[in-house]
Amino acid sequence: MTELSLKINGEDIAADVEHRLSLADFIRDHRRLTGTHLGCEHGVCGACTVLMDGEPVRSCITLAAVADGTEITTIEGFDDDEPMSDLRQAFHENHALQCGYCTPGMLIAARDIVTRLPDAEEDRVRLELAGNLCRCTGYVGIVKAILSVLDQGRA
Amino acid sequence: MKPAKFEHQRMTSVDDAVKALGEADKEIRVLGGGQSLGPMMNLRLAQPDVLLDLSRVDGLTDIEEDGNRLKIGSRVTHARIEDGEVPGTTGAYMQFVASGISYRSVRNRGTIGGSVAHSDPAADWPSALLALGGHVTAAGPEGLRTISLDGFTVGPFSTGLGFDEVLTGFELAVLGPGARWGYYKVNRKPGEFADAIGAITVGAEPRAVCGATESAPFRVPEIEQRLSAGADELSVVDARNILEEHDTGFDDYELQIHAVALSRAVKRAFE
Amino acid sequence: MPDGAMGQGIGASVLRKEDKRFLRGHGRYVADIARPRMLEAAIARSPVAHANGLKVVKPPGDEARVFIADDMAADGVEPIHVVSKFPGHKASDYPHLATDKLRFVGEAIAVCLADNRAAAEDLVAKTQISFDPLPPVVEMLDAVENPPALVYDDWGDNVILDSRFEENVDGINSAAVSVTRSLRMNRQAVNPLEGAAVLAEWDPRDERLVVHSSSQIPHILKNALCECLGLRQSQVHVIAPDVGGGFGYKCVLIPEEIYIPWVAMQVKRPVRWIQDRREHLVAAANAREHHYSVTLHADADGTFIGVEADIVVDSGAYSVYPHSNILESTMAGRTLHGPYKFSAYKVRSRAVATNKPPIVPYRGVARPGICFAMELAVDAMARQLGREPYDLRMQNLVPGDAMPYKTITGGEFDSGDYPEALRRAGSLINVAAVRERQANREADGCLIGVGFGCYIEMTALQTSAAARAGLAAIPGYEQAHIRLTPDGGLEIGVGVQNHGQGMETTLAQVACERLGVDIDMVAVRHGDTATSPYSTGTYASRSLIMAGGAVARTCDVLGENIRRIGAHLLQCEFDDTRIEAASVVGPSGNVTFEEVARVWHRNPEELPADIDPAGVEVTSGFRPKPDNSPFSYATHACIVSVDPELGQVEILDYVISEDCGTIVNPMVVDGQIIGGALQGVGTALLEESRYDADGQPLSSTFADYTMPGSTQLPKLRLDHLVTPSPLTEYGVKGLGEGGAIPPPAAIANAVNDALRGFNVEVTETPITPRRVLATIAGE
Amino acid sequence: MADDGERSAKGIGARVLRKEDARHLTGKGKFTSDFKRPGQKEMAFVRSSVAHARIKSINKPAGFENAVFTADDLSDLKPMRAPSKLPGYKASDYPSLAINKVRFAGEPVAVCVADSRAEAEDIAQLVKVEYDLLPAVTDMLAAKAADAALLHEEWENNIVFETFSDDDFSKIADEATVIIKREYRMNRQAMNPMEGKAVFAEWDDRQDQLMVWTSTQVPHLIRTGLAEFLDLEQRQVRVIAPDVGGGFGCKALLQPEELIAGWLARKLECPIRWVEDRREHLVTGANCREHHYFVTLHATPDGRMLGLDCDVTVDAGAYSVYPFTNGLEGAMAHGNLPGPYDIKAYRCRTQTMVTNKPGLMPYRGVARPGVCYAMEMTIDALAREIGMEAHEIRMKNMVPESAMPFMSIANKHFDSGNYAKSVEMAAEMIGLKEIRAAQTEMDTEGRLTGVGMGSYVEQTAHGTSVFSSWGVAMVPGYEQATVRLTPDGGLELRIGVQSHGQGMETSMAQMAYEVLGIDPENVMVTHGDTGLTPYSTGTYASRSMVMAGGATARACRVLAERMEIIGAHLLQCERAEASIVGGKVVSGKGEVSFAEIGRVWYLNPDELPENVDQGGVEVTMGYRPEPDSGAFTYASHACKVSVDIETGKVKVLDYAIVEDCGTMVNPMIVEGQTYGGATQGIGTALLEESPYDDMGNPGASTFADYMMPSATDAPQYRIDHMESPSPFTEYGIKGMGEGGTIPTPAAIGNAINDALKQIGAEVVETPFTPRRVRAAIAAAQTNR
C-alpha cells in the first residue's frame, strides 16, 4: 500500500492504496466518482480522461500513486466552470451524446480543445478528437457542439 | 484487465534509481510518463516487480540550446515539444513529430525519454531522432555517458542502455535556419502507431531514416547519398528499389508504404 | 364459504412463506443495508420539556457535518402540516428540527453526521445547546383546567379540539341507576423490537431521492417527502424493507423521515439513522394516554340507557402526519358506546397538548382506552345492581338479529352475534366455577377474580368516514397489480406493507383461492412505492380486507384474460371455460397457466385474435360497497389472582372468543390475536412511560420500562365465530389490532372482582403492585 | 400528421432536446460497473488460450481452491440452449464454462473470485489448464470440407442450418443476356459499444430473488433465461438494466457471464460484479458480420435486373446464442438479399457454418449490411459492365410507389414509400454530375475520386408472425406500456424495452404528450427493469419506437378515458362533454388539471364519481401493428471518396443520406441514429476487423489492433428525409435504429470501385484496408 495525498475536485484527499491501482479505479471505486468511465484500459478510447493539474490525461494508464500531490478534476468537478457549462449546453442542443458513456471523457477533451485552440476549425477539431471514441453519434453532434462553442468564443 | 502486483518506488535522484537498478534481483522498470508501459501492464504483457518513478527527480525536464547541441531532458513531455518549447528548425521538426504522437491527453504525460527507452518500433521518436542525429545521455554506476543515437535502438524494446542505466536526456543536432526536414507517417488513423515512417533531415549532412519496421529504424544511405548529390525528390519506384536492397523482411505492401513514406518525406522536405 | 379445501386457499393454516428468510437470519431490515461512503447520523435532542430561545452552536471545525433547523429553513424545507377538516381543530406545524421553541424532552434539534454512529454521537456531545426554560405542561388534566404554561403561545389554552357527541341527551334523565368512575390509562411507548430507521440517498442519475425506512406506509411517506422537500412525485422512491414490527408507531411520519433524507441531499452521500432503544423510549413515548370521567345510566333492570363522559386525551406536543393529533379523541368520543345498545349519549372529548411526544395511533387506537372505560363502568354498574357482570353484558349487547345495526352515533355494525361471543367466552372461562372457588380461601392467600372485556372494532377505515374525520390520507380504492410470469407464476404488487402479519402468505392464499395457483409460485411484493400501486398503507386493520379484496378482484380481471387464451388453445368457447387449479378447464381438456404464460410471452403467434392487448399484467382495485367498514368483535375473559400483600397480579386463565369474519389463515389470525393480547397485558400490568414534574421521562431503558415476557400470559384459549361480512370479498374482517383492545379492561375487571371484598377498585393502568396496594389501602 | 407543417412543439415531429442528457453531461449516469456494495466480490475468467481442444485438466492453484470454479463446480447450472423450429436447424448447448472441450479462443474455462478484479486476475493467472489440441476450423468455407474437424462431434458436418429456395430461370433467359458474377466477403467484427458487457448480481433474501443489474438491451429475456438455466422460478429473478453504454445487438442476448454471476451470487451469498474489459470484448465479442457471397445477377443490356442467384455462407462461430439462435442471420440473408428491387427470378442457398470463433450475434442491421453490400456492389458491377449509371439501374428496378403495398419475391410485405425517389434525391445531394465532370483528374498526392451509392429496405418492428416464421424460441407479441398518473399530476410511463442511447426517455414522453398534452418534463419514463415494467422482448430489430411507442399511445388513451370520467364528475358535466386538451380535462364548464385529478384519486377519493374505473389511474395496455409484417424503412446513401493509389488509403470526403422512416417522432434523434449507424458502417467498410490466424488465435485484442472510427474517419453527413407514414402502425412510425449502418459498406465499396475503374481494380472484401486496396490495385496493374 502507498499513501497518497491529492486534491480531487477541490477537496483534499488522503488515502492508502495498492501500488498497482490506477487513477481511474481510485476515482471510481474508492472515491465513488463514477462519471469517469473505463472504455479500454489501454489508453486509446479516451472515456477515462480527467484533468491532472489542469491538463487532460488518461486516468486508466496513470497510476494513482503517480497522482500523489496533484490536483485532479473529474467530470463531477466542473460545476462552476464556464467553458464546461457552454460545452454541456452545446452538447445538449446538438445531440452530441446518445448512450452517454464516452461523454464525460469527450467533454473534458472538448474543453481542452476550446481552451487551448481557440482558433481551431473543423478539421483540427476532428483531429484533436481522434483520441476519444464514440460508438453512437458518428461525431456529428460532438463536432458541431465544439465548433459552436469555439464560434461563441470568437464572436 | 488490471496490472499484476508491483511495487511503485518514488525516486528522488537519478543516482538512487541507478543504485536500485544495479541491486535489483527482480524485474525492475523505470517509469517515465507510463503511457507505453501503462497499457502493457494493464494487459499483463509487462509484469515488472518494481517500478522506479522518476517524476520527483529534478533536472530531467530542461530544454536548452548549447551551441550546436540541443539538450533535452528525458522527462520532457511530447506536449511541451508540441507546444513549441524546443527552439529553431529542430524545434519545428520535433514539434511536427510530437503533434502526431498518439493524442493530446497521452502527450501530456508521455515523455521523449520514455519513448526512446521503451523502444517500440512503431513509435515516432526512435525514427525521428535517428534522422536528426545526436546522442543519448545515460546515467550509470560510473556516472554519465553519452551514446550515439546511431545504433542506440537495437530492436523492439531493446536499446543500448545498460541494465543499470537511466536515460537522462538527449543532445541533439541543431538544424540551421535553412535546413530542410520531412517526416511522413503512414498509419490507419491519426494517433495510431505507425505502419511506416519516412524521416528526412537535410542539415549539415542529409539523414534519411526508414522507420516503423519489424526491428529498429535504419538509415538509408542510398537516399542520403542522393540527397547529398542535390536530389530534391524521390519516386516511390526508386524508393522501393532502394529498400529492396535492404534486409527488411517487408512484404509487398509493407515495402510499398515504406517507400511511399520515404518518397513523401523527401517531397515534404523540399516543398 | 371457502373452507381451505384446496389446502392453500382461504381458510387453510398455510405455513408462512416469509419464515424462510427470517429463520436463516436473512431478513433485510434498514440497519442491515449499507452503502459505500455512507454516513451515520446521531441526533442532538432536547434535554428539557419546555423552553424557548433555543440556540445551537455547532462544534467548531465540524460545522459541515451538523445540520439544524435554520439550515433546513434556508433551503426552503416545509414543516409537516397536518390539516384536519374537523371544525375547531387548532392546527400546528410539526418542525422537523426544533426552531425557537422546545416542546418535549427528546425533540430533535440537530443532526450530526460521521463515518460511524459513535463518532456522530461524539459530535452530538460537542454541539452546544442553550435555551430559556419554561414551566412544562406535564399532566393533561392540569393542562386543561390549570395550565402551568401554553404549549402554543397563540392558542389561548392547551385544548387542541373540544368535540361533543350528543344524541337524545335528555334520555339520560330517565335512568334509575347511574354509576360514575374516573379512569386513567397511562402513557406508553409502542416498542417494536426494531425501532425506527431511515437510510436515504440521492440518486443523481434519476435525480431521485431513495429512502429506505422502517415504515408501514411507504406511499404516504413519499407524499410527505414531496410536500416537505418540494420534490415531484417522480423524484421520490420509498422502500420499506423488512420492518421489525410497527403496531402503529410506523404508520405516521416521524421527523427523521424528512430530515435524514434532506441531510443526505445536502452532503450528497448516503445517510443512515438507526433509532436506538433509548431514543425510542424517550422521544417516542407516545401512546394510549387517556382520562375518562364516565357515567353509565341504566334502568332499574339493568338495561343501559345512556352514557355520559368527559374524555381527555393527552396528545402530546405535536400533530402527526397523516393521522393528526385528534384521531384518538374523536374516535374515543364517537365510539365509547362499544358493542352496547344505548338510547342516549352525551360525550365530550378533548384532545390536549402537553410537553410530551406527540400521540400516535398504537394498535387498537383509542379503543383500548374506551373499552377500559366502558367495561369498567359496566362492572361497576353490575356491582351497583348486584348483578353478574356477565349477565348485565348479555342483556345489553347488540343482538345478532339486529344486524345491520345503526349505532347511536351514526355508525353501522355490519354483521355478527355479539352475545354469542360473550356466551362462548363465559362458558370457556366458566364463571360459576370461579364463583365457587372464590367462596373458599386460596391456599396462598391470594384473591381470585374473573373479568370480561367486550369490544367492537371498526376495521379498514373507509373513504367517507376518513373524509369526515378530515384526515390527510383518505383511503380510496385499494389496488393490486398482478402479472403472470413466463413460467405461470404470479407476481403481486400491493401498496400495503407487511411487517409480521404474514401477508406474503395470506395474499398469496387469496390469489390461490381465486386462481388455484400454488402459493409457492406467488410472489407478493410490497413496501416499495415503485413496485406497487398506491396505497395509504397498513393501519386500521385494513390490509387483508383491502389489499386482499384488490388481489381477488385483480385476479378476476387477469383470470378472464387467461381464460380467453385458454379457450383459444382448447378451441372452445370462452363461456365454456373456467379456472381451476391454475388451469383453464374446458369441455375437452385443460391448459395450465404455465402453457398460457408460454404462449403470451414466448409464442404469441398462438394467441387468439380477440385477446385483450392489456395482456397478463393487470392493475385493478377494490373498495367495499357501500362504503362502510366491517366490524370485528370479541369477548376476552380472564381469571386473575391478586396477592393482597404484595399487590402482584397473576393471570391464571385467559380466553378469547372472537369473530373476524371469514378467516384466511387461522394460524396467522391466532398469531395476531395472541400477540395483540400480550401487548394488552403489557398495557394492563406493566408498561408505562412515566414523567416527573419537570416533564423528564423516567422510563428510558428496558430496566425502567417493563416489557411483557414469556411468563406474563399463560396459554391462551381461542375460539372463533365466523360471521362473514357482507361488505367484503369473502366476508373477511380486519383483525390485526383487536387482540390488544380489551385486555386492560378484562384484567382490571378481574382484579376488581378479586378486590370486591375490600370494596375498592383499580382505575388506572398499568395495574402495578404499587397501585394495587394503594387501592387496597384506599388511597 | 407528420408532414403537414403543423408539428407541435413537444409532440410527434418535434426536435425535443433529450431528457437523458442532463445526467450524462454531468457524469451522473449510472452504468452497471458503477455499482458497488459492501462485501462485493469480482470475477475474472480463465479463458481458453486455444481455439479448439479437449481439456485434459484444470488445476486450481493451492490456497485458492475455494476461489476458483469450473464447469464441474457449476454442474447444476444448465447449459444455454436456444431451440428453433426452423426445419433442419441443429440446436446445440452453449455451456457457461467449457465442458470437456473448448471451441474458441477466449471461451471461459474457469472463473476466479476475489475482493478486487486485480486479485481475481492474479488467481486466474495461476490456474493451469492443459489442452489436447484439435485442428481449428477458422474459415467458414474450409469448414465445409469433408475432412474438416467437427465442432460438435454429434453432428455429421459443421452446417448448423441451411435454407434453399429455387426458381425457374428459364423464364428470363431470353431477355437476361448480361450475366454478372462476383464473390464477396464481409469479415468478422466486434460490436464494441463503449461500455462493454457488465453484470452485478446479488441475492435478495427478502424478495427471495436474484437481483441482476446487467448491461443489456433485453432485461426481460435475460430474466427468462437466467431463471431457465439457473433453475429458478421466473418470479425469483429481477433484472435491471441501468444506463447501458451502447448495445448494437451484442447486449440483446444472454451471456455466460450473466449466468455465472447469478450462480455465484447465490452460492457465495455476496454481491458479484463482472465488468468485461476491452480485451475480453475484442476476443470473445468478435462475433458478427462474417458472410461470404457468390452472386450471379441476370440482367438485360439496358439495365433491367431479372434474376438473382446467390450462395451465401454465414460464419456462425462455435455456439448458438440465447434466445435468437445462430440461425437468424442466414434466414434473414435469404429474405433480404433482393432488397428493394422487383426481380423476376430468385434462387438462393444459405449455409450457416460453425467455426472455432465466438458465437455469431445479431449486430445492428443484422445480415442486411452483408446482403446489401453483395447486392449493391453487384449492381455497380453491372453498371460498369453495361456502361450505365448505377443509380439509374437502381431507380429502374425498384418497387414503385404505385405498387405499394407490395409482396416482394422474398416474401417481404413492403408497406409504403417511394424508393426510387430516395435514389434520385441522394444522387442529387452528392452532386453526382459535378463529380463525374471532375472525376478523371488525379490530385497531386496521387488520389483518385469515386462516387458510390447504396440503397436498402429494412423490415422493422416486424412482429409475431415474422419471428414465428423464423422459428425462434422467443417471439414478440403485444408490446405493453404501463402509465400511472401520480398524485401531483405527473405521469410515470413504464416500458419493457430498454433505451441505451436511442433517447426513448424523451421520444416516449413525446408520445405521451401527443395523446395527453402532458409536458414531457413531467413524464418519467422507466425502462429496463423487469420488476417495474411490463414484459417485453426488449430493444432490437428497430422495434422500440413502433412497438413501445404504440403501446404508450394506447395506454395513454385508456388513461385519458379514465381521467375524463373523473374530470367530468369534478366539472359536473356529462362524460361526453369532457375531453383532454393540453394536459387538462376540459368541458364547457371549465377545466380540471391532471394534478387535481391526481389529488382526488389519491388523496381525496371521497370526491370520486361512482362510475370511476377501479383500476384507477394506472393502466397497462398493449399494442401490435396489424398486420404485423413490419414497417419498411428505406434509404439511399451516396458518398464520395478519395483513394490514395500509392498507399491504398481511402478517405470519405462527402456523404449524403436520404431516408424514409415514416413519421418521425423526433427528427433530431432520427438523424443521430442515422449518423451513428453510418459511422459504424464506415467502420465495417474501412477499419474494423477481427482477424484470426490458422490456429484460430484472434489477431485484434486491443484498440491498437482493432481500428475504431474516430472523428477524423467520419464525414460531416448531410441528410434529407422523406416521410411516408406506414399504414400499419400508430402514427405511421417505422423503426430506424439500425438502418444507418446497412448500406454504408456498399456505398463506400462502390465509390472505391468507381474511383478504381480506370485502373480496372475492384475491392470485394471488407474492410477495404489500405493493404486490400493496394492488393487490388497491384493485381489490376499486374493483369494489365
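Order of the sequence lines fixes the chain letters, A, B, ..., with proteins taken first and strands second; residue numbering starts at 1 for each chain. What you see is a predicted model; the values in this text were computed from it and never measured.
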* Which atoms of B:Met40 approach chain A - backbone, side chain, both or neither, heavy atom under 4.5 Å -> neither
* Measure the CZ-CD distance between B:Arg109 and A:Glu55 for me, rounded to the nearest 0.5 Å. => 9.5 Å
* Where does A:Val66 contact chain B at under 4.5 Å (heavy atoms): side chain, backbone, both or neither? -> both
* To do: Side-chain contact test, heavy atoms from C-beta onward, threshold under 4.5 Å: evaluate it for A:His19 versus B:Gln9 and give yes or no.
  => no
* **Interatomic distance, B:Arg10 atom CZ to A:Asp68 atom CG [nearest 0.5 angstrom]** => 4.0 Å
* Return the option, out of A:Ala65, A:Gly43, A:Ala109, with the maximum number of heavy-atom pairs under 4.5 Å with chain B. => A:Ala65
* Pick whichever of B:Met41, B:Lys2, B:Glu7, B:His8 has the most heavy-atom pairs under 4.5 Å with chain A. => B:His8
* To do: Check whether A:Leu51 gets within reach of chain B through its side chain, its backbone, both or neither, counting any heavy atom under 4.5 Å.
  => neither
* Heavy-atom distances under 4.5 Å only: say whether B:Lys189 touches chain A with side chain, backbone, both or neither. => side chain
* **Student check: side-chain heavy atoms of A:His42 and B:Met1 closer than 4.5 Å** => no
* To do: Answer with side chain, backbone, both or neither: which region of B:Leu37 has an atom nearer than 4.5 Å to a non-hydrogen atom of chain A?
  => neither
* Asked: Can you list every pair that meets salt bridge (charged side-chain N to carboxylate O under 4.0 Å, His left out) and has a residue in residues 89-106 of chain B, with sequence neighbours left out?
  -> B:Glu82-B:Arg104, B:Asp83-B:Arg104
* To do: Could you look at A:Glu41 and say if it's the side chain, the backbone, both or neither that has a heavy atom under 4.5 Å from chain B?
  => both
* Asked: What heavy-atom pair brings B:Ser105 and A:Thr49 nearest, and what distance separates the two atoms?
  -> CB-CG2, 4.4 Å
* Asked: Within a reach of under 6.0 Å around CD of B:Glu214, are more than 12 heavy atoms found that belong to other residues, nucleotides or ligands?
  -> no
* Are B:Asn108 and A:Arg58 close enough that some pair of their side-chain heavy atoms sits under 4.5 Å apart? -> no
* Search all heavy atoms of A:Ile61 against all heavy atoms of B:Gly38 and return the closest pair with its distance. => CG2-C, 3.9 Å
* **Heavy atoms from other residues, nucleotides or ligands near CG of A:Asp80 exceed 12 (cutoff 6.0 Å)** => no
* To do: Would you indicate whether the side-chain heavy atoms of B:Gln35 and A:Thr62 approach each other to under 4.5 Å?
  => yes
* To do: Name the member of A:Val50, A:Val44, A:Val57 that forms the most heavy-atom pairs with chain B at distances under 4.5 Å.
  => A:Val57
* To do: Output the distance between atom CG (A:Leu63) and atom CZ (B:Phe6), rounded to the nearest 0.5 Å.
  => 4.5 Å
* Checking A:Arg126 against chain B: side chain, backbone, both or neither under 4.5 Å from a heavy atom? -> neither
* Might you confirm whether atom CD of A:Glu82 has over 12 heavy atoms from other residues, nucleotides or ligands at distances under 6.0 Å? => no
